[in-house]
Amino acid sequence: MNVFAALFRMEWRLFRRDLFLWLAQIFLLLYYTGAGWYYYRYPDGTFDAGGMFKLMSYWLSMGVVMIGLLAGVLSARREHVAHFDEIMSSLPGDALRPFAKLLAWATVVLIFFLSASVATLGLQWLENSSLLRYWSDTVSYLAVFWVLPQLSAGILGYVLGMLVTSNWIYPLILLVWLTLTPYNGWLEWFRLPHALTLWLNQGEIVYPVYISYEGLAVNAVDFWRHIFLLLLSLSLLAVSLLIRRLRDRTWKERIGLITYAVLFFVGMLALVVKVNPYPEGENVALLGGVDMRYYETMQQRSPLGSSYARLPSFSVQQVVLDVEHQGYRMTYTAELGIQTRGDVDWLEFTLYHGYTVQEAKIGEQSLPWEQEGDLLRIKWPGEKKEGSIVLRVEGSPGSGGVLKPQAIYLPSGFPWYPVPGKWRVAESIYTQPAFGYQIPSLFLNLELEEPTYFNISVSSPLKIYSNLSETGANAFRGTASGPTLLAGKLVEARVNGFRIVAPPDQINRVPAVLAPLQESIKRAGGRLGTSTYPIPSNIFVTPLYSAQGGLNFPFRVYHDELHLDEGIFRIYYGREGDYLAQSRDILPAFYWYNRYRESDGYAPFFLAAVYEQIYDKTSLSSYVDQPMPTTYQKAVQEILLLEREGKRDEAKEKLSAWYKSLTKAATGGLEQ
């Protein structure tokens, strides 16, 4: 122990005198805190605490890897120049020196970690950021994304410095650095497995890791990616130390060491090929693309314009859901109180195809069932007029919601539970020159036409929020048109009769947007000649960009809920009130998609464009100069002709009449 302590003090003294190492880390922290303070104090208020963190942490995570690699190489080169290995090999306890060096390097990294933690939490404290409520997440993020990569990079740099003593080491360092950062996609040019690039990437695979409703989502996948590199670097260190002593080994020992090294790398390669560190539930783009292709196929089978809706031949008196959250999937038992109308052979429900029924019973009697796409049919005992059926269901919501170990978003208008009747779940809107991009599948509003009593309990380590009344720990009940479940790094507040559930760095900014939003809603309703919709009492700040077609709409409106896209509060920080009050977003949300509709196509887009042309003097040439459905073309041209002729009152009346004719054909009639 005394020998090890002496070796540690010696190695620590060498690191302590490494001027480059300390100046580089000080510069990195000064850059981080200085730029962070600048963004906090930016005149336009562009960034909040989370916005600064997600911007700066990306560069910091790459910076610590480069510092670690250079520090390791410089340490090895100093020893080589001073012939330190030859000197130490003749002294007792030399076998302990690698362990002492590792401990000394870990001490250096620990000092950086403590400094970075103080700097980050200090900035949040100075700005009175509510992110301090989740300070442990910040510390764990720093430990996983900054400390572990720097620790591993220092070991790798030392190994490279021992093996390559020429100046070619510096281009090699750059190559290794690119291999360990988010820019390592170039590895796939050499036909290396995609899983390997993901395992080696020490940065943020989902850029950025900071998402306000999830907080700093450091999960097991991120942890094991970084542990993988640490184990790999330690193994390379062990192999390099053994190789240096091969000259003193027998042929059998040499063959054994080489075999060990080859088997180790083959095993590591097999591991990264088989295990994907990028779970499907994290890949929003992948889920959205899968759903878009699925619903394009569904529309080819049943074209838009031909009614797909079929009202149920029964009513559901109550719904009891016992939900178990299991990472990226969920299982639940649904007990549905059924009352039939007339003779019924089969009960038809709409259930998103990502959920699979495992069992259906009424009492102790098993019931036959059929699932095809989003349609669920259950055989009903013909002699019964009422009864409770029990379903056991397992699955995930795809791009219709969010289901992760660290977050849940299951909106009330999405059929994550069996919805009575046969309905079209989503509408796929195709690419048009007028928009310049392809809109993902737009999930339609499948809230119940008749409010139903719900009783829900959720087994999850997360704190769950719902539009239903809370009756216990993650237990809810009440009468509603559908249940919403929401979980993440969230807080709750009640302001002026509104119940707001939002990420901690956004909770105080939501009330400020309500007044301009309500004024814009009222103004639009008056101009369209229809009733004005009040803002619902439940306001949830949710990840709409990954669900419900929210890449295009900043909010969704349900009977008793308003879902605001959390991304708006980050992208338009300080100006979100003006953004949310735009007519192009108000009209589709409050006067179109707040009820179930079929064959919407581009109607709400062209309606909003014509509305803005008349009332806001916004040019819509990029819309109307492009091909549009003939059902819209005549009305749009008549309205614009009246507007160009100066007959503004007639144009406004024509616009109101066009809107009423469009919405008159709505199916489901979920008027508020």
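Counting from 1, the numbers follow the sequence of the chain as shown.
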What distance do [X] atom [atom1] and [Y] atom [atom2] have between them, rounded to the nearest 0.5 Å?
| X | Y | atom1 | atom2 | result |
| --- | --- | --- | --- | --- |
| I500 | Y465 | CD1 | OH | 13.0 Å |
| S459 | D322 | OG | CG | 8.0 Å |
| L232 | I227 | CG | CD1 | 12.5 Å |
| L287 | M292 | CG | CE | 12.5 Å |
| L403 | S396 | CG | OG | 6.5 Å |
| L102 | L234 | CG | CG | 6.0 Å |

For the residue pair Y332 and Y355, does the interplanar ring angle fall in the parallel (under 30°), tilted (30 to 60°) or perpendicular (over 60°) class?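 Ring orientation, 0 to 90° scale: tilted.
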
Got a donor-acceptor contact below 3.5 angstrom from the [X] side chain to the [Y] backbone?
| X | Y | answer |
| --- | --- | --- |
| S466 | T484 | yes |
| W105 | L151 | yes |
| S152 | P149 | no |
| N474 | L462 | yes |
| W177 | M62 | yes |

Quick one: list whatever passes salt bridge (Lys or Arg N to Asp or Glu O under 4.0 Å) with E324, sequence neighbours left out.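 Not a single residue meets the salt bridge (Lys or Arg N to Asp or Glu O under 4.0 Å) criterion with E324.
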
Name the one of I408, L486, V323 that satisfies side chain to side chain contact (heavy atoms under 4.5 Å, CB included) with I464?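 For I464, the side chain to side chain contact (heavy atoms under 4.5 Å, CB included) check succeeds only for I408.
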
Looking at every non-hydrogen atom in both residues, tell me the closest pair between [X] and [Y] and how far apart they are.
| X | Y | result |
| --- | --- | --- |
| I169 | G161 | CD1-N, 4.2 Å |
| P511 | I507 | CD-O, 3.5 Å |
| L237 | V159 | CA-CG2, 3.6 Å |
| P405 | H325 | O-CE1, 3.9 Å |
| G400 | D291 | N-OD2, 4.1 Å |
| L410 | M330 | CD1-SD, 3.8 Å |

Tell me every residue that passes ring pair (Phe, Tyr, Trp, His ring centres under 6.0 Å) with F540, counting only those two or more places apart in sequence or in another chain.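 For F540, the residues satisfying ring pair (Phe, Tyr, Trp, His ring centres under 6.0 Å) (neighbours in sequence not counted) are H563.
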
Output, in order, the C-alpha distance, side-chain angles, deciding distance and verdict of side-chain contact (heavy atoms from CB on, under 4.5 Å) for V402 and T542. CA-CA 10 Å; V402 172; T542 61; over 6 Å; no

Do [X] and [Y] come within less than 4.5 Å of each other through their side chains, counting heavy atoms only?
| X | Y | result |
| --- | --- | --- |
| L110 | F113 | yes |
| L229 | L156 | yes |
| L21 | I67 | yes |
| L28 | F112 | yes |
| F145 | V64 | no |

I'd like to know whether CZ of F20 has more than 12 heavy-atom contacts from other residues, nucleotides or ligands below 6.0 angstrom.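 Enclosed: over 12 neighbouring heavy atoms sit under 6.0 Å from CZ of F20.
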
I155 vs L236, side-chain contact (heavy atoms from CB on, under 4.5 Å): CA-CA, chis, key distance, verdict: CA-CA 9 Å; I155 299 170; L236 290 174; over 6 Å; no

Applying side-chain contact (heavy atoms from CB on, under 4.5 Å) to E492 and K463, what does each step give before you reach the verdict? CA-CA 11 Å; E492 181 178 357; K463 162 66 177 174; 5.6 Å; no

Start with the C-alpha distance between R225 and V144, add both sets of side-chain angles, then the distance that settles side-chain contact (heavy atoms from CB on, under 4.5 Å), and finish with yes or no. CA-CA 9 Å; R225 274 196 302 120; V144 171; over 6 Å; no

